[in-house]
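Below you'll find the structure, written out as structure tokens, and then a few comments.
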Amino acid sequence: MRTRTNYFAGFGSALWLLVVAIPVYVLVSASFQTQQGYSAGGPLALPTTFTLDNYANAFRSGFGLYFINTLVVTFSVIAIVLLLVPPLSYAIVRGQSRMTRGVFQLFLLGLAVPSTAVIVPIFYLISSAGLYDNLLGVILPTAAFALPVCTLILSGSMRDITPELYEAMAVDGASPLRTFFRLVVPLSKGGISTIVVFSALQAWNGFLFPLILTQSESTRMITLGLFNFQTQYGVNVPALLAAVMLSMLPVLLVYLFARRTLVQGLMGMGGK
Amino acid sequence: MGRPGFVWAAPATLFFGLFALVPLVFVVVLSFTTWSGLGDPKFTGLDNWVAIFDDPILIKSLGLTVLFVVLALITQIPLSILLGVWAAGFQRNRAVLSAIYFIPLLLSSAAISVLWRALLDPNFGIPGQLPWLFGDGNLFGKQSSAIGVLTFVAMWQFTPFYTLIFQGAARAIPPVLYQAAQIDGAGTVSQFFNVTLPQLKNSIVTSVILMVVGGLTAFDTVLILTNGGPGTDTTVTPFYMYQKAFRAFDFGQASAIAVVLVLAATAISLVLVRVSGYGKMQSAQDGI
């Protein structure tokens, strides 16, 4: 592509590197400092103290429970998505009735529904169903709003399966059910792992639905816990930042071990 | 034989309809009612609609929302195009740096807001250490600096995402276009404006749509960073809707505001897609 060094872009990217790296440095270093050490040196100083107290403190303040709640919601959302999206995408890609085509249009339309805009009716629906302040009440809308993007991603990857393979299955007299499990699912593993990561991120990082649909300590999720920590421990910056570190830990692990899938899952956010 | 019928699509469709499409219709209905969260909503005709357009805070919030969207566009689009095109090169150091640029994407917006609130704390944060740059250090106390903080944090949060989109799009530009430009004697700058930018058009439209829709609907950073303040000076419309609903318990007026936001977001997206003439999802996938 380009042969000459682009000094202008190089300078810009170096500057942006500082903008990204400084907060990350403060985040990591402050979370391991005592409050006194942090206040004395300020955020930008080199750390002079080392402690794990902030992390212990986070767990003492209920972070363990928030972690478990968030895990429960995340895995349930993944389960719902895995149960609903692959059959739906298969029907969209291979179905011939006018109805399945209409369904695809419906989900494309759904892509444009911002979750913020419907928080009042969702609140009404969930409280009428008696699910207010219940993790199930968070799980259901979170999963529902992950569906359009997941459907787009997965039907895209199922379209890559060549028609000849379907025909071969049909010649063998395979039912749709058999075709689905023997051909479609094995050949769309990449797409399936992308939608798993995408829906997991939506659930793990979700803030809106926990904010409006839960209230008590026992149903609190991590993002809401961080928000509460801030009002409670606003002055204890190291304790607060240790909680932020804990909240990103699982995502960081996925990033380290499955970077490509994570990036694809994140790019799915483009549909949101 | 061998083709999946509608029954394969039915469970997902019902589920999605119940939690996304029914609420979308229902929010329109609720906008004509009064409901405080207890009992049943009561129809009040156009009362909410008259009330919200008489509400000076709402009018102010609409102006602020437009301002934030414009600020997001002019800060994030040029920066992410530059970074994306730069990161599209295959040099090793660029791959390493791109991995660092990526870090903000690993944090939830709640975590990002809490982090920046701590970093910019008037007493314990960075502004106190650098008085020559930040003056009295209370960035949350004035409207102009509070708007600056929100714009900057949005830039920090979302630039990596748009950078990835532009990186993918820039890598997809056929090298032959650059070779042709070089033969014509075009320099780096001229190549950027005459080859790269036109080729990125679809990605630019995608990014603009995402920023507009996001700006019209997101309020988590406002809630955590400024709580709409000082006063109502950073109360954007989606945040005002949240306040109306879950702090003032006026769900009817909140629904009317929600309808305004959905209509605005949809209208702007449709106009942008029509003007640029393309479907949006292909390009978002290009970034992968």
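Bear in mind that the values here come from a model prediction, so they are computed numbers and not experimental data. Proteins come first, then strands; the chains are lettered A, B, ... in the order of their sequence lines, and each starts at number 1. Quick note: numbers below take in every heavy atom, side chains included, and nothing from hydrogens, waters or symmetry partners.
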Inset, instruction - For B/Thr159 and B/Trp156, indicate whether the former's side chain and the latter's backbone hold a donor-acceptor pair under 3.5 Å. - result: no
Legend entry - Proximity breakdown for B/Ala99 and chain A, heavy-atom pairs closer than 4.5 Å: both
Legend entry - Per-residue contact mode, B/Ala245 against chain A (heavy atom under 4.5 angstrom): side chain
Legend entry - Which atoms of A/Ile119 approach chain B - backbone, side chain, both or neither, heavy atom under 4.5 Å: both
Inset, instruction - Any chance you could lay out the side chain to side chain donor-acceptor pair (under 3.5 Å) test for A/Tyr90 and A/Ser155, step after step, and finish with the verdict? - result: CA-CA 7 Å; A/Tyr90 175 45; A/Ser155 55; over 6 Å; no
Legend entry - Residue pair B/Ile81 / B/Phe192, side-chain heavy-atom distance below 4.5 Å: yes
Inset, instruction - Heavy-atom distances under 4.5 Å only: say whether A/Tyr166 touches chain B with side chain, backbone, both or neither. - result: neither
Inset, instruction - Select one option (side chain, backbone, both, neither) describing which atoms of B/Asp40 are under 4.5 Å from chain A's heavy atoms. - result: side chain
Legend entry - Parallel, tilted or perpendicular: rings of A/Tyr66 and A/Phe229 (30°, 60°): perpendicular
Legend entry - chain A contacts, top residue of B/Leu107, B/Leu177, B/Val262, B/Leu261 (heavy-atom pairs, under 4.5 Å): B/Leu107
Inset, instruction - For this output row, return yes or no: ring centroids of A/Phe209 and A/Phe145 closer than 6.0 angstrom. - result: yes
Legend entry - Which atom of B/Ala9 lies closest to which atom of A/Leu88, heavy atoms considered: CB-CD1, 3.6 Å
Legend entry - Winner by heavy-atom pair count (cut-off under 4.5 Å) against chain B, out of A/Val26, A/Leu106, A/Leu140, A/Val244: A/Leu140
Inset, instruction - Below 4.5 Å from any heavy atom of chain B, which atoms of A/Leu177 appear? Answer side chain, backbone, both or neither. - result: both
Inset, instruction - Check each atom of B/Leu21 against the heavy atoms of chain A and say whether the ones under 4.5 Å are side chain, backbone, both or neither. - result: side chain
Inset, instruction - Using non-hydrogen atoms and a 4.5 Å limit, figure out which bit of B/Leu216 sits close to chain A: side chain, backbone, both or neither. - result: neither
Legend entry - Results of side-chain hydrogen bond (donor to acceptor under 3.5 Å, both in side chains) for B/Thr13 - residues two or more places apart only: none
Legend entry - Ring-face cation of B/Arg247 near B/Tyr242 (centre distance under 6.0 Å, axis angle within 45°): no
Inset, instruction - Give a yes or no answer on whether the side chain of A/Tyr255 reaches the backbone of B/Ile103 with a donor-acceptor pair at less than 3.5 Å. - result: no
Legend entry - Options A/Phe180, A/Trp204, A/Tyr38, ranked by heavy-atom pairs under 4.5 Å with chain B, top entry: A/Phe180
Inset, instruction - Start with the C-alpha gap between A/Tyr124 and B/Phe251, add the side-chain angles, then the distance that decides, and say whether ring-ring contact (aromatic ring centres under 6.0 Å, His included) holds. - result: CA-CA 10 Å; A/Tyr124 181 83; B/Phe251 289 102; 9.1 Å; no
Inset, instruction - Among the options B/Leu82, B/Leu79, B/Leu83, pick out the one with the most heavy-atom pairs lying under 4.5 Å from chain A. - result: B/Leu83
Inset, instruction - Would you mind telling me which of A/Met169, A/Met248, A/Arg178 has the largest number of heavy-atom pairs within less than 4.5 Å of chain B? - result: A/Met248
Inset, instruction - Output the option from A/Leu262, A/Val20, A/Ile22, A/Val251 having the highest count of non-hydrogen pairs under 4.5 Å with chain B. - result: A/Val20
Legend entry - Nearest-0.5 Å distance that lies between atom CE in B/Met241 and atom CG in B/Asp250: 12.5 Å
Legend entry - Structural part of B/Phe246 lying under 4.5 Å from a heavy atom of chain A: side chain
Inset, instruction - Please examine the side chains of A/Leu152 and A/Phe107, heavy atoms only from C-beta on, and report whether any two atoms are closer than 4.5 Å. - result: no
Legend entry - Toward chain B, the part of A/Leu224 with a non-hydrogen atom under 4.5 Å: neither
Legend entry - Leading residue by heavy atom contact count with chain B [cutoff under 4.5 Å; candidates A/Leu241, A/Leu27, A/Val254, A/Val19]: A/Val19
Legend entry - Per-residue contact mode, A/Leu211 against chain B (heavy atom under 4.5 angstrom): side chain
Inset, instruction - For each of A/Ser247, A/Ala144, A/Pro86, tally heavy-atom pairs with chain B at distances under 4.5 Å, and name the one with the top tally. - result: A/Ala144
Legend entry - Engaged part of B/Tyr162 at the chain A interface, taking heavy atoms whose separation is under 4.5 Å: neither
Inset, instruction - Answer with side chain, backbone, both or neither: which region of A/Ala143 has an atom nearer than 4.5 Å to a non-hydrogen atom of chain B? - result: both
Legend entry - Atom group of A/Leu125 that falls short of 4.5 Å from chain B, counting heavy atoms: side chain
Inset, instruction - Against chain A, work out which of B/Phe152, B/Phe6, B/Phe219 has the most heavy-atom pairs shorter than 4.5 Å and name it. - result: B/Phe6
Inset, instruction - Answer yes or no: is there a donor N or O on one side and an acceptor on the other, between the side chain of B/Arg3 and the main chain of A/Pro176, under 3.5 Å? - result: no
Inset, instruction - Answer with side chain, backbone, both or neither: which region of B/Ile224 has an atom nearer than 4.5 Å to a non-hydrogen atom of chain A? - result: both
Check residues 108-118 of chain B and write down every donor-acceptor pair under 3.5 Å in which the side-chain atom is one partner and the other belongs to a residue at least two apart or another chain.
| unit_1 | atom_1 | unit_2 | atom_2 | d |
| --- | --- | --- | --- | --- |
| B/Ser108 | OG | B/Ala111 | N | 3.1 |
| B/Ser109 | OG | B/Asp220 | OD2 | 2.8 |
| B/Ser113 | OG | B/Ser109 | O | 2.7 |
| B/Arg117 | NH1 | B/Leu225 | O | 2.5 |

